[in-house]
Protein chains: 2
Amino acid sequence: MNKPVTIKDRAKKFKCSPSTVSRALNNHPSINEDTRRNLQEYAQKVGYQRNQVSLSLLNKKTATIGVIVPTINNYHESAIIEGIESVLQPLGYTLNICVTNEQYLLESEYVEKLLSNRVEGIFLSVSQETYDCGHYEHLEQIKKRSIPLIFIDREYEGFATGSVIIDDYHGAFKAVEHLIKTGRKRIAHLKGPNGMAVAEERLRGYIECLKKYDLPVDEQLILNTNFKVESAIEPVTRLMNLPELPDAIFGVNDQVAIGAMKVIRDKGLSIPGDIAVAGFDNAPISAYIHPTLTSVARPGRQIGIEAAKIFTDYLQSSDAAFSSRHIILPSELIVRESTAG
Amino acid sequence: MNKPVTIKDRAKKFKCSPSTVSRALNNHPSINEDTRRNLQEYAQKVGYQRNQVSLSLLNKKTATIGVIVPTINNYHESAIIEGIESVLQPLGYTLNICVTNEQYLLESEYVEKLLSNRVEGIFLSVSQETYDCGHYEHLEQIKKRSIPLIFIDREYEGFATGSVIIDDYHGAFKAVEHLIKTGRKRIAHLKGPNGMAVAEERLRGYIECLKKYDLPVDEQLILNTNFKVESAIEPVTRLMNLPELPDAIFGVNDQVAIGAMKVIRDKGLSIPGDIAVAGFDNAPISAYIHPTLTSVARPGRQIGIEAAKIFTDYLQSSDAAFSSRHIILPSELIVRESTAG
DNA sequence: ATGCCACTTGCAAACGTTTGAAATTTTTTG
DNA sequence: CAAAAAATTTCAAACGTTTGCAAGTGGCAT
């Protein structure tokens with residue numbers, strides 16, 4: 001690796017002090033016009049790049065923020081990241097994206113590493129395993145260091161800090177209500193992993209809605225998935241073998257809803273004729289598959305933007321009250337063919 | 001922001017020198033057992049985290065590598081990132097992910113910033129605009145500094161450096177050949193943006209395959225898209241209004257293929273009965289939509305892994321010959337319902 | 001008591017940059 | 001020409017950590 005040009009190298013070369021070089025490059029007013037021009041031209045020529053590492057050390061500012069997410073391979077997560085980036089990139093921040101794969105260990109290692117790297121803020125979407133095992137010491141670390149921590153999408157309720165989530169409960173409620181109002185009476189739910197707030201909230205929306213309309217909550221119709229399309233196949237197949245079929249399926253996201261659609265079709269049943277299907281996320285593809293999929297829209301990009309705003313507001317005001325900024329973005333039901341009356 | 005505990009703080013508190021503290025924490029053998037235990041316990045208690053920034057400065061090693069990609073919001077890109085991460089994370093590296101949105105300006109700014117941050121390697125998927133405008137000075141900068149640069153997915157041919165791409169040409173060729181062999185004679189192509197290597201290679205595969213089988217290359221049947229599902233709608237609608245319809249459509253990726261399927265269905269035609277459709281990428285969803293989509297599999301995760309390996313090999317051998325490591329991964333045709341004979 | 005050794009700790013420099021204050025040079029003024 | 005003022009440059013410290021070398025302590029054999 002070529003050693004990069006440093007200020008000292010050039011000081012030696014030009015027989016002047018490092019301070020002069022530094023000031024010349026920063027257009028400090030008390031530097032002779034000629035000196036400045038010479039040094040700047042030379043810097044240009046050798047392709048000098050300020051060493052940010054040393055600057056970070058000196059200023060105790062790294063202009064880096066950490067983003068910890070469980071996955072990035074689906075539309076929603078990447079939309080969030082894009083949203084964050086769209087606000088913070090113009091401000092000169094660099095994003096340090098860490099993917100936990102839903103693992104507690106990785107999550108906690110990443111927190112450690114980010115703190116060690118002195119990031120100026122952390123955006124975190126809590127991993128499933130962390131919910132499961134209930135360890136939050138790594139979050140305490142962040143708090144202890146007073147690094148702004150902002151939950152995105154998935155929060156840990158016992159922790160007072162900024163958060164941006166969407167209204168999963170009402171989103172699910174609206175979807176199920178729509179199914180009921182279009183005449184469905186036996187609605188199954190493909191739920192997400194146990195203990196994960198997002199999944200539990202949607203389940204709650206589903207159950208409460210059934211109750212409101214005096215429909216029975218049948219445990220047989222509530223099945224586990226892990227958000228992935230393939231995880232819907234086995235449970236829905238089981239569903240299709242029940243003596244009494246459901247007349248609608250509400251999936252915890254579009255992926256499992258699409259998986260469900262495949263099983264239903266393979267069984268020779270029609271959508272929405274025999275069984276209506278609704279999903280959650282409103283992934284772009286949902287508007288184009290056949291039949292087009294009814295889904296609850298989740299404004300991923302907006303989540304990222306709001307989260308980033310909480311962060312920038314905090315920077316402005318240094319206001320510790322930021323920890324009470326809990327933004328709940330509304331979710332919107334997009335009705336399409338898969339649930340047509 | 002709470003100032004983090006430093007070594008000096010503790011040196012003062014324990015009336016000993018920073019060196020002792022440092023050594024105690026690193027389990028240096030020549031440190032008294034009691035001293036070590038005391039200091040370690042205290043470190044634990046106050047939640048000390050080594051300041052990586054200062055260490056980076058001292059060692060001239062940041063354990064950070066930059067990844068510059070045009071987008072992250074689709075399956076393929078995120079699979080690549082996951083692949084890179086899976087190799088480099090266990091080695092202690094942090095990924096600095098930058099999304100250019102296909103913009104030259106952002107790409108070049110990000111390169112600048114990464115170099116300034118003294119990353120130890122850069123993985124780059126060239127943005128479309130960069131191809132268009134043909135400016136590669138930012139890449140020269142990387143070379144000048146001898147930072148290992150590895151092209152992923154999209155390369156700039158005029159630049160001798162490591163690269164991992166897939167065999168787009170043969171992938172497209174195989175897809176079109178499959179269409180021809182199942183009896184299609186009038187095959188349309190939804191191509192990607194002009195000038196982008198990935199898109200051009202697939203187009204070339206399409207054209208060469210037609211020629212090989214003595215089919216005419218009809219300019220009317222070659223239409224532009226930008227990889228996004230919605231960008232297929234207008235061109236395919238146009239296609240559907242031709243006096244003589246195509247009997248197959250080969251999309252530059254699954255997204256546009258899915259868009260095409262929608263238009264075809266809306267027109268009242270059947271897939272594959274009237275028109276066969278094939279895509280590229282083998283996104284997970286392709287196996288679940290209706291009809292399931294024939295597609296050329298692109299091993300995104302593998303690309304990331306191979307690219308990361310080029311990097312680690314380079315570290316081991318410090319071998320400048322790494323710049324001649326051009327890996328071309330094979331692409332595999334996955335035949336599904338959408339092209340059934 | 002002296003010298004030797006082992007064990008433990010401290011000193012100082014280094015990484016690259018910025019910045020207030022001090023020092024030097026140049027210019028202006030009386 | 002000398003003194004004051006202005007312009008330019010240098011010095012030194014700072015950010016947090018590590019590490020080779022020097023220095024200190026105490027024990028033990030001579």
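Just so it is clear: chains get the letters A, B, ... in the order the sequence lines come, proteins before strands, and each one is counted from 1. For the numbers below, each heavy atom of this structure counts, side chains included, while hydrogens, waters and symmetry mates do not.
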Using nucleotides 21-26 of chain C, report all nitrogen or oxygen pairs with the protein that are shorter than 3.5 Å.
none

Expected rows: protein N/O vs nucleotides 4-6 of chain C N/O, under 3.5 Å:
none

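Remark: B/Gln89 pairs with no residue by the side-chain hydrogen bond (donor to acceptor under 3.5 Å, both in side chains) rule, at least two apart or across chains. Remark: B/Asn74 pairs with B/Glu77 by the side-chain hydrogen bond (donor to acceptor under 3.5 Å, both in side chains) rule, at least two apart or across chains. Every residue meeting the side-chain hydrogen bond (donor to acceptor under 3.5 Å, both in side chains) condition with A/Glu306, not counting sequence neighbours, appears here in chain and number order: A/Gln302. For B/Ser116, there are no side-chain hydrogen bond (donor to acceptor under 3.5 Å, both in side chains) partners two or more places apart in sequence or in a different chain. Among residues two or more places apart in sequence or in another chain, the ring-ring contact (aromatic ring centres under 6.0 Å, His included) test is passed with A/Phe159 by none.
In this model, no donor atom of one side chain and acceptor atom of the other lie less than 3.5 Å apart for A/Asn38 and A/Thr35.
Rounded to 10 degrees, the angle between the two end axes of the helix from C/dA1-D/dT30 to C/dG30-D/dC1 is 80°, with five pairs used at each end.
Other residues, nucleotides and ligands place more than 12 heavy atoms under 6.0 Å from the CG atom of A/Leu91.
Contact record, A/Pro70 with A/Val126: CG-O, 4.2 Å, taken as the closest heavy-atom pair.
With A/Thr130 as the fixed residue, the side-chain hydrogen bond (donor to acceptor under 3.5 Å, both in side chains) test singles out one of A/Glu107, A/Glu102, A/Gln103: A/Glu107.
Atom CG in B/Asp34 sits about 10 Å away from atom P in C/dT8, given to the nearest Å. Put simply, CZ on B/Phe14 is 13 Å from P on C/dT9, counting in whole angstrom units.
The nucleotide range of DNA chain D contacted by chain A, defined by atoms under 4.0 angstrom from heavy atoms of the protein and reported 5' to 3', is D/dT8 to D/dG16.
By the 30° and 60° cut-offs, the orientation of the rings of B/Phe311 relative to B/Tyr93 is perpendicular.
One finds no side-chain N or O of B/Ser30 lying less than 4.0 angstrom from the OP1 or OP2 phosphate oxygen of C/dT8.
Contacts between residues 47-62 of chain A and DNA chain D, defined by a heavy-atom separation below 4.0 Å, involve A/Leu57, A/Leu58, A/Lys60, listed by number.
Within the structure, side chain to side chain donor-acceptor pair (under 3.5 Å) contacts touching residues 16-29 of chain B (residues at least two apart or in different chains) are B/Ser17-B/Ser19, B/Ser17-B/Thr20, B/Asn26-B/Arg50, B/Asn27-B/Gln40, B/His28-B/Ser30. Legend: side chain to side chain donor-acceptor pair (under 3.5 Å) pairs involving residues 54-67 of chain B, not counting sequence neighbours: none detected.
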What's the verdict on salt bridge (charged side-chain N to carboxylate O under 4.0 Å, His left out) for B/Glu140 and B/Lys143, showing C-alpha distance, side-chain angles and the deciding distance?
CA-CA 5 Å; B/Glu140 295 292 346; B/Lys143 191 159 209 177; over 6 Å; no

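Side-chain contact between B/Tyr110 and B/His138 is absent, with no heavy atoms from C-beta onward closer than 4.5 Å. Within the 4.5 Å cutoff, side-chain heavy atoms of B/Leu88 are placed close to those of B/Thr312.
Comparing B/Cys16 and B/Arg118 against DNA chain C, the residue whose closest nucleotide sits nearer the 5' end is B/Cys16.
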